[in-house]
Amino acid sequence: MFTLYKTYCPIVGPFDPCNPILEKTYSTPPNLYIGFQPPNLPQFTPLEALRAGTLWKPFYDPYYNPFEEAKGGLPR
Amino acid sequence: MKQIPPEYYQMMEQLQAVDFVLVELTLYLDTHPNDLEAIKQFNHYAKERKTLKKAFESQFGPLMQYGNSYSGHPWNWNEPPWPWQV
């Protein structure tokens, strides 16, 4: 199963002017992993789909900024 | 001061939800033309949207123009509330 966020650690040089950023996060939405959409995926109800932004459950990605306090915990 | 009744918002939300489902299904069916289940669902929601539109318009006036909606008497497509006033 894939994760919605991944992190990497940039190189920290000895001459960096500012204090280094140790860990950076980037978003990896579900469509990267699902590829060509198979038929009959589980769906949201119309009202939920309107809020979720997609009709099919596997494609749901709330895309919370990692620094935001996401509803229901930070999807790491 | 003309108030917008709460059921305006409920019916509008349902209409928007069905519209969103139709948009999603259209995009899906563009790449999956043979998916019968999705086509059945699409037709079901298309039919449902017609009834929702009929109900909404009978109460709050036309939604679209140029024959896409029936008109009341007198000619009332330019009646408030407009989308930005809702």
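Values below: all heavy atoms of this structure, side chains included; hydrogens, waters and symmetry mates excluded. All of these numbers come straight from a predicted model, not from anything done at the bench. Numbered from 1 within each chain, the chains take letters A, B, ... in sequence-line order.
Summarising the local packing, CG of Leu32(A) is surrounded by more than 12 heavy atoms from other residues, nucleotides or ligands at distances under 6.0 Å. No more than 12 heavy-atom neighbours from other residues, nucleotides or ligands sit within 6.0 angstrom of OH on Tyr70(B). Other residues, nucleotides and ligands contribute only 12 or fewer heavy atoms inside 6.0 Å of the NZ atom of Lys50(B).
Placement of Ile34(A) and Leu55(A) within a single hydrophobic cluster is found when ILVMFWY residues are connected by side-chain heavy-atom separations under 4.5 Å, directly or transitively. Leu47(A) and Val23(B) sit in two unconnected hydrophobic clusters of ILVMFWY residues. Membership requires side-chain heavy atoms under 4.5 Å apart, directly or through other members. Linking ILVMFWY residues whenever their side-chain heavy atoms come closer than 4.5 Å, directly or via other members, leaves Phe44(A) and Leu22(B) in distinct clusters.
Of all the heavy atoms in Leu50(A) and Gln16(B), the pair that sits closest is CD1-O, 3.8 Å. Taking all atoms of both residues into account, the shortest heavy-atom contact from Leu25(B) to Trp56(A) is CD2-CZ2, 4.2 Å. When all heavy atoms of Ala49(A) and Phe20(B) are compared, the pair lying nearest together is O-CE2, 3.4 Å.
Ring-plane geometry between His32(B) and Phe36(A) is classed as parallel, the angle between the planes falling under 30 degrees on a 0 to 90 degree scale with a further cut at 60.
The choice from Glu24(B), Glu13(B), Gln14(B) that makes the most heavy-atom pairs within less than 4.5 Å of chain A is Glu24(B).
Here the rule is side-chain contact (heavy atoms from CB on, under 4.5 Å) with Pro39(A), and of Asp35(B), Asn34(B), Leu36(B) only Asp35(B) fits it.
With a threshold of 4.5 angstrom between heavy atoms, Thr45(A) does not approach chain B through any atom at all. With a 4.5 Å cut-off on non-hydrogen atoms, Gln43(A) touches chain B through its side chain but not through its backbone.
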